[in-house]
Amino acid sequence: MKLFKNFIDKLEIMRFEDILTNDDVLDGLWDMHFDECTPIQEQAIPVIMEGRDLLACAQTGTGKTAAYLLPVINMLADGGYPDDAINCVVMAPTRELAQQIDRQLQGFAYFMPVSGMAIYGGTDGYAYEQQRKSLKMGADVVIATPGRLLAHLSMGYVDLSKVSFFILDEADRMLDMGFYDDIMQIVARLPKERQTLLFSATMPPKIQQMASKILKDPIEVKLAVSKPAEKIKQSAYICYEPQKLLILKKIFNENPPQRVIVFSSSKLKVKNLARELRSKNIKIAEMHSDLDQDKRDDVMLDFKAGKIQVIVATDILARGIDVDDIEMVVNYDVPREAEDYVHRIGRTARANRDGRAVTFVSPEEMGKLKRIERLLENEIPKEEIPAEFGEAPVLKNTAFSHKNRGKGNKGSRSDKNSKNSKNSKNRRSYNGRNRKKLGNEQKQPAV
């Protein structure tokens, strides 16, 4: 695989008009107040426009959705593709992510006759019938979860023989959820001559293996692999389990929450924690697998509207939610996998905003903290436990413990994020095009 040149250190930030060709696409972006590309867009879009297969590693919140939707829309708008066929299939692991991608598609394609349809489960008979009609008639872009698309394929009315673009979003999560066989069944229905794009937040061996089977001579783009956004202020409390709730309540007393997600390890703990926080007159909601899809949708709508201040959730909410102004993420329990920590805290500090991530670590969870710090190649700063909550556990044998430095341990590696901070640049206005601006002047977040 060839490694595409990294443009991040260039003096000039690339603009969309430099790499996209369709005026209607550019008009839509201008009206949405998008002008300059994010790094993943800057690297991926030219590759896609050249017709090459792509293997991209980029975390959520970096603008990867636009990185694949915009060039595909651009090429579809330029013409040369059948009007009555499915031209692009986007695979997503969850209903929430499929809905998010569909909303972005509708926004980007507002000025163009490019049709799209989201295909996912958990719907009623009417929605299923709408999905069936769209698939049968041939929507330009189909955004689907693997299981539901296979269900439609098994009925015999879905033709994927003319698909030109096949896109896997959050491929690592789809494999973690057991969708490998489903994906390969779908791939078997696709034409051999197609352009395939694979986006993943991590690049474990199983992703590399699948990529070798479905991609042809791909360009590989790697961006900030498994590293949180620089603007996330991370910290951890080393505490006993009973102290976690006391610390959380104190945090909320000192800084009343406006839009916060608290992650816990199980449905039972989510329910108990939500009950405790409601007693503090906090507008709170739960998010876990016991809730049906309509209830989940209602919770997210209320959260975006500000009717809910705090969501207590399992990892069902760690990826694929479209909320860009979450002020803080709390890891009430340390996630089992270090990669999950990155996905959880990636809910905050999106679109270049500031954010905060707080993690509570009991003595039994110290091993998980060590793995996270090894992945980050940095120590997570530790907070002092308030004296009124009793003694804290003794901090021992962390991956980057200050006490152990100079005693045979490696200590902390250099902070790569501080080196990268010099590469940040002020956004510049769109030059070279005289387009009217619609709506307010606020910049839209990376999507």
Side-chain angles (χ1 to χ4, degrees), residues 4-8 10-52 54 56 58 61-83 87-88 90 100-118 139-143 164-165 167 169 195 197 199 219 221 223 322 324 350-352 424-447:
F4 195 68
K5 179 175 174 56
N6 190 327
F7 291 105
I8 297 177
K10 291 196 310 182
L11 293 178
E12 294 295 327
I13 297 177
M14 190 173 289
R15 300 192 302 269
F16 286 114
E17 68 172 3
D18 298 325
I19 51 179
L20 296 173
T21 60
N22 188 278
D23 284 339
D24 289 334
V25 176
L26 292 170
D27 284 337
L29 288 172
W30 182 240
D31 289 337
M32 295 172 70
H33 309 294
F34 286 97
D35 51 4
E36 295 172 351
C37 303
T38 66
I40 186 60
Q41 294 160 4
E42 187 174 327
Q43 295 184 59
I45 291 176
V47 174
I48 299 171
M49 294 289 289
E50 290 175 7
R52 298 293 302 275
L54 175 68
T62 57
K64 63 181 176 62
T65 308
Y68 61 76
L69 281 183
L70 287 174
V72 167
I73 293 171
N74 189 107
M75 289 185 278
L76 290 175
D78 283 345
Y81 299 89
D83 295 328
N87 292 305
C88 175
V90 181
Q100 176 183 332
I101 297 168
D102 184 49
R103 286 192 294 268
Q104 298 301 335
L105 172 67
Q106 302 308 323
F108 291 142
Y110 184 79
F111 292 102
M112 289 154 286
V114 175
S115 60
M117 184 66 189
D140 285 311
V141 181
V142 169
I143 304 142
S164 297
F165 308 97
I167 303 168
D169 196 353
Q195 186 175 5
L197 315 173
F199 286 79
I219 299 294
V221 169
L223 176 70
D322 186 19
D324 292 302
R350 294 168 67 89
N352 209 33
S424 61
K425 303 175 181 67
N426 293 329
R427 295 182 62 85
R428 298 173 287 109
S429 60
Y430 216 148
N431 296 322
R433 290 184 181 271
N434 182 19
R435 293 187 168 89
K436 65 180 181 178
K437 300 181 181 180
L438 301 180
N440 61 52
E441 293 297 318
Q442 183 179 2
K443 290 286 184 184
Q444 295 295 316
V447 291

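The heavy-atom pair separating A67 from I45 by the smallest distance is O-CG1, 3.5 Å. Smallest separation of non-hydrogen atoms from L69 and Q104: CD1-CB, 4.0 Å. Minimum interatomic distance between A139 and S115 (heavy atoms only, all atoms of both residues): CA-OG, 3.5 Å. Heavy-atom minimum distance, G116 versus Q106: O-NE2, 4.0 Å. Looking at every heavy atom in both residues, L54 comes nearest to A44 through CD2-CB, 3.7 Å. Across all non-hydrogen atoms, the minimal contact from A58 to K64 is O-CD, 3.8 Å.
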TODO: May I have the step-by-step check of side-chain contact (heavy atoms from CB on, under 4.5 Å) for L26 and F16, ending in yes or no?
DONE: CA-CA 7 Å; L26 292 170; F16 286 114; 4.1 Å; yes
TODO: Would you check, one step at a time, whether the test side-chain contact (heavy atoms from CB on, under 4.5 Å) holds for I19 with M49?
DONE: CA-CA 8 Å; I19 51 179; M49 294 289 289; 5.8 Å; no
- [ ] Take V72 and V90, measure what side-chain contact (heavy atoms from CB on, under 4.5 Å) needs, and give me the verdict at the end.
- [x] CA-CA 11 Å; V72 167; V90 181; over 6 Å; no
- [ ] Could you walk me through whether E50 and I219 pass the side-chain contact (heavy atoms from CB on, under 4.5 Å) test, one step at a time?
- [x] CA-CA 11 Å; E50 290 175 7; I219 299 294; over 6 Å; no
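The CD1 atom of I167 sits 6.5 Å away from the OH atom of Y68 when rounded to the nearest 0.5 Å. Between D78 atom CG and T21 atom OG1 the span is 4.5 Å, to the nearest 0.5 Å. If you take NE2 on H33 and CG on D31, they are separated by 7.5 Å, rounding to the nearest 0.5 Å. The CG atom of L70 lies 10.5 Å from the CE atom of M75; values are rounded to the nearest 0.5 Å. Here the straight-line distance linking atom CG of D24 with atom CE of M112 works out to 6.0 Å at 0.5 Å rounding. To the nearest 0.5 Å, atoms CG (L20) and CG (N74) are separated by 5.0 Å.
Between F108 and F34, the ring-plane angle classifies as perpendicular under the 30° and 60° cut-offs.
Ion pairing between a basic and an acidic side chain is recognised when a charged N comes within 4.0 Å of a carboxylate O; E17 and R15 show such pairing.
A donor-acceptor pair is defined here as one N or O able to donate and one able to accept, closer than 3.5 Å; such a pair exists between the side chain of Q195 and the backbone of I48.
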